[in-house]
There are 2 protein chains.
Amino acid sequence: MFSKETEYALRGLVYIQTQNILGNRPGTDEIAREIEAPRFYTAKILQRLVRMGFLMSLKGKGGGFFFDKKKPELTIKELILATEGDKILTGCGFGLNNCTPDRPCKLHEQYILIREDIDKLVSSETIQSLAKK
Amino acid sequence: MFSKETEYALRGLVYIQTQNILGNRPGTDEIAREIEAPRFYTAKILQRLVRMGFLMSLKGKGGGFFFDKKKPELTIKELILATEGDKILTGCGFGLNNCTPDRPCKLHEQYILIREDIDKLVSSETIQSLAKK
DNA sequence: TTATAAAAAGACTAGAAGGTCTTTTAGTAT
DNA sequence: ATACTAAAAGACCTTCTAGTCTTTTTATAA
């Protein structure tokens with residue numbers, strides 16, 4: 001469904017948020033261990049997320065990752081769009097690139113419904129809402 | 001959603017079936033052109049499908065690809081399982097590999113519903129049903 | 001003010017997916 | 001029989017995803 005990068009980002013961010021709630025700022029080693037993801041790869045992905053402004057970090061002793069509480073909640077959709085673009089939400093199931101609403105391909109009608117459900121799900125859930133579950 | 005291989009296979013097989021209905025046995029060049037897919041890659045994918053028994057072919061003049069009319073219709077699901085395994089139909093949206101019904105992950109409940117819809121769609125549609133549309 | 005801790009940066013590697021091309025094999029029509 | 005046609009086989013290449021590792025920068029605590 002999603003790429004590894006999106007998966008690790010999703011799991012990592014939810015873990016960070018659950019720790020933030022407890023007053024902690026986890027670091028890459030802890031995060032990677034807890035979400036069962038490769039250590040260095042997780043670090044790289046988190047760095048990208050910081051650069052994109054989704055997340056904040058502090059270097060040095062006592063440092064780690066945390067969310068800016070002034071910012072609105074981060075929807076899964078925003079995260080997916082940033083890590084792997086909109087192909088899941090705009091692409092056609094049949095794989096015909098010239099499949100448009102007026103010239104739909106043979107799987108279009110049925111696939112549209114599924115795509116809308118995916119869109120609804122990733123639009124309504126946020127990192128913060130998942131962290132509370 | 002699907003891999004390129006699955007996409008080209010899907011489009012190629014539907015094209016072959018529509019041509020079979022008209023009494024034709026299209027070859028790799030024609031198929032690749034019509035479904036807008038890379039020529040040699042399409043040929044390779046069709047060869048694999050023949051080896052897997054989904055399709056038949058004839059070499060030499062007047063040769064090409066065709067379906068065995070004695071066989072039952074080929075569901076999209078069978079095709080997907082053969083080309084990319086069952087990860088789309090069994091995998092977890094959240095990407096947690098130890099996500100089971102009794103220990104569900106945080107996106108499980110909602111994702112399950114979408115996965116079931118996908119399963120229903122690919123189980124009900126066949127190459128033959130798509131070719132008729 | 002220095003030792004230490006942790007993120008940032010970026011080079012590098014492995015493997016898989018996607019794609020190309022040439023040669024071989026096997027039919028078919030003449 | 002032979003020439004031609006088309007699939008089969010398989011080597012090869014390219015690109016992208018996933019993952020590793022080392023070095024550099026920056027902050028903090030003692």
Under 3.5 Å, N/O pairs linking protein and nucleotides 10-17 of chain C:
from, atom 1, to, atom 2, distance (Å)
C/dA11, N6, A/Lys44, NZ, 3.4

Could you pull out all residues at least two apart from B/Glu73 that satisfy side chain to side chain donor-acceptor pair (under 3.5 Å)?
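Here the qualifying residues are B/Thr126.
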
Who are the ring pair (Phe, Tyr, Trp, His ring centres under 6.0 Å) partners of A/Phe66, not counting sequence neighbours?
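Checked A/Phe66 against ring pair (Phe, Tyr, Trp, His ring centres under 6.0 Å); zero matches.
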
A/Phe40: which residues meet the ring pair (Phe, Tyr, Trp, His ring centres under 6.0 Å) condition with it, sequence neighbours left out?
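By the ring pair (Phe, Tyr, Trp, His ring centres under 6.0 Å) rule, A/Phe40 matches no residue at all.
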
Name all residues meeting the side chain to side chain contact (heavy atoms under 4.5 Å, CB included) criterion together with B/Thr28; count only those two or more places apart in sequence or in a different chain, and write none if there are none.
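With neighbours one apart ignored, the set is B/Ala43, B/Leu46, B/Phe65.
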
Ignoring hydrogens and angles, write down the donor-acceptor pairs under 3.5 Å from the side chains of residues 15-23 of chain B, residues two or more places apart or on other chains.
from, atom 1, to, atom 2, distance (Å)
B/Tyr15, OH, B/Glu30, OE2, 2.5
B/Thr18, OG1, B/Tyr15, O, 2.7
B/Gln19, OE1, B/Asn24, ND2, 2.8
B/Asn20, OD1, B/Phe67, N, 2.9
B/Asn20, ND2, B/Ile16, O, 3.2
B/Asn20, ND2, B/Asn24, O, 2.9

All pairs passing salt bridge (Lys or Arg N to Asp or Glu O under 4.0 Å) where residues 47-64 of chain B contributes a residue, at least two apart
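Found B/Glu5-B/Arg48.
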
If you look only at pairs with a residue in residues 120-131 of chain A, which of them pass as a salt bridge (Lys or Arg N to Asp or Glu O under 4.0 Å), with sequence neighbours excluded?
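Counting only pairs at least two positions apart or across chains, the salt bridge (Lys or Arg N to Asp or Glu O under 4.0 Å) contacts touching residues 120-131 of chain A are A/Asp117-A/Lys120, A/Glu125-A/Lys133.
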
Hey, which sits more toward the 5' end of DNA chain C by its nearest nucleotide, B/Arg39 or A/Pro26?
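Closer to the 5' end of DNA chain C: A/Pro26.
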
Of all residues at least two apart in sequence or in a different chain, which pass the salt bridge (Lys or Arg N to Asp or Glu O under 4.0 Å) check with A/Arg39?
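Per chain and number, A/Arg39 pairs via salt bridge (Lys or Arg N to Asp or Glu O under 4.0 Å) with A/Asp29.
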
Interatomic distance where CD1 belongs to A/Ile16 and P belongs to C/dA6 [whole Å]
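Value for this atom pair: 15 Å.
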
To the nearest Å, give me how far apart CZ (B/Phe2) and C1' (C/dG18) are.
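Those two atoms, CZ and C1', are 18 Å apart.
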
Atom pairs under 3.5 Å, N or O on each side, protein against nucleotides 25-28 of chain C: can you list them with distances?
from, atom 1, to, atom 2, distance (Å)
C/dT25, O2, B/Lys59, NZ, 3.4
C/dA26, O4', B/Lys59, NZ, 3.1

For A/Ser57 and C/dA7, is the shortest distance between a side-chain N/O and OP1 or OP2 below 4.0 Å?
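No.
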
5' to 3' contact window, DNA chain D with chain B (heavy-atom distance under 4.0 Å)
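So the contact region on DNA chain D extends D/dT5 to D/dA11.
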
Sequence neighbours left out, cut at 3.5 Å: what donor-acceptor pairs do the side chains of residues 75-84 of chain B make with other protein atoms?
from, atom 1, to, atom 2, distance (Å)
B/Thr75, OG1, B/Glu78, N, 3.1
B/Thr75, OG1, B/Glu78, OE1, 3.1
B/Lys77, NZ, B/Asp119, OD1, 3.1
B/Lys77, NZ, B/Asp119, OD2, 3.3
B/Glu78, OE1, B/Thr75, N, 3.0
B/Thr83, OG1, B/Thr6, OG1, 2.8
B/Thr83, OG1, B/Leu79, O, 3.1
B/Thr83, OG1, B/Ile80, O, 3.4
B/Glu84, OE1, B/Ser3, N, 3.1
B/Glu84, OE1, B/Ser3, OG, 3.1
B/Glu84, OE1, B/Thr6, OG1, 2.4

For B/Ala9 and B/Leu49, which heavy atoms make the closest approach, and how far apart are they?
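It is CB-CD1, 3.9 Å.
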
